[in-house]
Amino acid sequence: MLVFVLNAGSSSLKYQLINAKTSELKASGLVERIGIDGILKHEVGENKKLTFELPIPTHKEAIELVLRILTNDETKVINSISEIEAIGHRVVHGGEYFKKSVLIDNEVIDKIEELIPLAPLHNPAHVIGIKICRELMPNVPNVATFDTAFHQTMPEENFLYAVPYGDYTEHHLRKYGFHGTSHYYVSNEANKLLNKKNSKVIVCHLGNGSSVCAVKDGKSIATSMGLTPLEGLIMGTRCGDIDAGVIPYLMEKKGLDSHQIINYLNKKSGILGVSGISSDLREVIKASNDGDKRSKIAIEMLCGRIKKYLCSYAGLMQGVDAICFTAGIGENSDLIREKVCEGLDFMGIEIDIDKNKVRTPGIREIHKETSKTKIFVIPTNEELVIAKDTYNLVK
Ligand code: ADP
């Protein structure tokens with residue numbers, strides 16, 4: 001079954017065409033700057049990379065363009081759009097409504113819209129993507145896969161904030177967690193390797209946005225992101241955990257309104273804010289190697305925060321069988337992996353420095369033979385989860 005996987009953002013659109021039965025990736029791409037000017041980067045296989053620069057005023061034109069490219073003579077991977085049998089949409093926020101992927105009907109769309117206050121940047125774009133697909137391919141079923149769904153198994157004590165309980169029941173104030181599709185995929189791959197009945201896995205998804213998840217017996221029991229993706233780890237431009245008292249203090253000192261303070265914490269903080277160099281960790285590592293003090297501190301802070309979560313989740317689960325590193329930083333930075341695991345031998349976590357440095361595609365084991373806890377690098381594949389869920393719901 002050919003599944004078109006779509007991740008619609010406010011001015012961008014990521015897509016993949018996947019044979020969900022065989023997991024074969026037929027084509028993938030990214031449309032950026034929708035409504036500004038427009039650029040489409042399309043990939044077929046390992047070698048064929050094409051870039052198109054042309055005006056793309058709306059998401060509708062973007063999806064029409066992608067469908068044309070998938071079927072056009074020179075670039076085609078399918079003969080006709082009718083070969084697409086289902087569409088899988090990534091949706092950031094499913095609130096407490098969605099505990100797993102669902103077939104989309106009007107009621108599902110209403111609920112995704114209802115959750116817009118909890119994901120004001122993402123859910124509106126997803127709804128646009130869904131509505132356009134229904135319009136352009138009216139006979140093709142659509143499925144939604146939610147970033148929050150995997151974390152719906154968290155126990156109340158791990159998702160509540162210690163504020164008056166009525167604000168949970170009345171205003172839905174709680175931790176939801178994000179990156180659920182990635183945490184599910186990676187922990188599931190780790191469980192296949194561990195091959196044991198009761199497993200304790202910690203996944204570190206470290207990208208521009210980052211989160212840690214404690215996965216016990218295949219279920220998320222705690223995660224670092226919260227009501228919004230601002231909580232938890234130090235990220236590219238987000239501060240992560242912070243004293244709530246900082247907010248009124250800074251608002252007063254700098255004369256910021258609520259919109260400005262959220263922008264400050266989301267866009268100007270994190271690695272970028274501390275280093276003053278970049279949100280791209282590669283540049284910050286380079287600056288640190290060149291002697292830049294603030295870059296060095298930013299890296300120490302980033303790793304310290306991850307270590308703090310690792311240790312607390314190991315405590316929460318009373319042990320840890322495997323630690324998994326994934327996403328841009330987790331998959332590519334041996335420095336960060338080494339620093340995070342450094343000094344944790346006392347807990348049975350022993351990284352093999354040499355294995356950690358070897359770069360090969362696919363899953364890698366980077367622990368010492370003597371390590372009680374296994375340490376894996378597992379490339380994430382959220383699109384494959386979406387394609388498989390879509391296949392299973394549609395078939
Ligand atoms: P997103 O959250 O946008 O999907 P990614 O998972 O692609 O992000 O991760 C992007 C981050 O990965 C950037 O901070 C980038 O600097 C970092 N990264 C990629 N390769 C390396 C590397 N070799 N060393 C350190 N950081 C890296």
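We count residues from 1, following the sequence as given. When a ligand or atom number is given, it counts from 1 through the structure's own listing order.
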side-chain hydrogen bond (donor to acceptor under 3.5 Å, both in side chains) involving K99 - partner list, sequence neighbours excluded: Q152
With Y168, which of Y161, Y176, F159 fulfils ring-ring contact (aromatic ring centres under 6.0 Å, His included)? F159
For E53, the salt bridge (charged side-chain N to carboxylate O under 4.0 Å, His left out) test, sequence neighbours excluded, returns none
If you define the side chain from C-beta out and look only at heavy atoms, does anything of L265 sit under 4.5 Å from C239? yes
Measuring only between side-chain heavy atoms, which start at C-beta, is V3 closer than 4.5 Å to I87? no
Close-range residues for ligand 1, whose non-hydrogen atoms fall below the 4.0 Å threshold: G207, N208, G209, S279, D280, L281, R282, I285, A327, G328, I329, N332, S333, R359
Contacts of Q318 meeting side-chain hydrogen bond (donor to acceptor under 3.5 Å, both in side chains) (sequence neighbours excluded), chain-then-number -> none
